[in-house]
Amino acid sequence: MFIVFDIGATSTRIAKSQNGKSLDVVQKYPTPRDYQEALNKLKETITALADNKSISKISGGQTGQINSQAKTSHHNGALKLWSGYNLTQDLKNIFGCPVHIINDAAAAALGEAYFGAGKTYESFFYYTISTGIGGAWIKHKKIIAGIQHNSEPGHQILDVEKWSSMEDLISGTALHGEQEFISTPQSNQTDWINMKEKLIAGLFNTACHWPSQAIILGGGVTLSGAIPIDELEQELQSKLNIIQQSPVIKKAELGDNAGLWGALSLLH
């Protein structure tokens with residue numbers, strides 16, 4: 001019995017897997033803002049999913065910066081009350097089994113690498129455009145990340161006058177406000193008009209900093225249909241004349257469960 005999870009700023013998803021290769025049951029609930037409340041909810045849900053069976057390993061993705069050495073997390077957004085806690089150690093103490101946790105966007109990127117839109121690419125950069133914006137660079141199905149913390153492409157500055165980041169300008173929260181985006185993450189032509197040039201600028205920077213065969217877009221804003229992928233790819237290619245071969249733009253294939261599939265890949 002294996003347990004995998006995906007903790008985002010808006011929702012938490014938890015699943016069990018009997019064989020470590022497929023997802024058997026998926027539970028979803030709003031992510032608590034308080035860490036202790038969230039830990040108690042995780043314990044309760046995992047215990048119910050395990051149904052008195054032994055858990056061999058737990059793996060998952062967690063939003064925020066994850067220090068790969070200390071295993072503590074840092075947040076400056078909705079889950080700032082989680083900062084400084086070590087979820088890895090807390091779950092080890094509760095369930096007495098190995099626990100492996102990485103950033104949630106990185107987990108989703110691995111999911112797409114092994115099971116989704118990234119399967120055929122040696123290198124790609126993955127973005128999740130949702131409540132916030134995160135991402136990860138994948139080469140040969142491995143995450144390329146720093147020792148102290150994971151990549152934070154959503155915090156690249158796109159407006160130097162106001163010092164506004166990509167996340168400040170085109171995330172679901174930026175476009176609609178957090179509560180409205182959570183309740184009605186729908187496609188909107190106005191969204192595309194408002195985000196188009198900013199998204200292209202962010203992806204231009206990405207192509208320059210992290211050379212890749214593809215850029216894969218996931219997350220609630222993308223999945224809502226707000227971003228016309230073909231138009232985005234054409235516009236980006238027209239501006240990326242400094243690069244011989246522009247990356248193709250792909251829509252993520254695994255939907256809301258990308259992080260769970262990525263957590264599944266961490267079991268092996």
[X] side chain near [Y] side chain, heavy-atom distance below 4.5 Å:
X: His268; Y: Tyr114; value: no
X: Val4; Y: Leu266; value: no
X: Asp104; Y: Ile7; value: no
X: Ser246; Y: Leu236; value: no
X: Thr222; Y: Ser224; value: no
X: Trp137; Y: Pro211; value: yes

Would you say [X]'s side chain and [Y]'s backbone share a donor-acceptor pair under 3.5 angstrom?
X: Asn194; Y: Leu175; answer: no
X: Thr173; Y: Thr131; answer: yes
X: Thr31; Y: Thr12; answer: yes
X: Gln213; Y: Ser123; answer: yes
X: Lys141; Y: Lys119; answer: yes
X: Gln234; Y: Glu231; answer: no

For this session: Using side-chain contact (heavy atoms from CB on, under 4.5 Å) as the criterion, point out the one residue from Asn40, Asp34, Leu39 that pairs with Glu37.
Result: Asp34
For this session: Scan Ile227, Leu169, Ile133 and name whichever one has a side-chain contact (heavy atoms from CB on, under 4.5 Å) with Leu199.
Result: Ile227
Problem set entry | Over 12 foreign heavy atoms within 6.0 Å of CD, Gln89 |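 Buried by this count: over 12 neighbours within 6.0 Å.
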Exercise. Ala38 and Trp82: which non-hydrogen atoms are nearest, and at how many Å?
Worked result: CB-CZ2, 3.1 Å
Problem set entry | Nearest non-hydrogen partners of Ser59 and Leu267, listed with the distance | OG-CD2, 3.4 Å
For this session: Please say whether the positively charged group of Lys41, taken as NZ for Lys or CZ for Arg, lies over the ring of Tyr29, i.e. under 6.0 angstrom from the six-membered ring centre and within 45 degrees of the axis.
Result: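 Yes.
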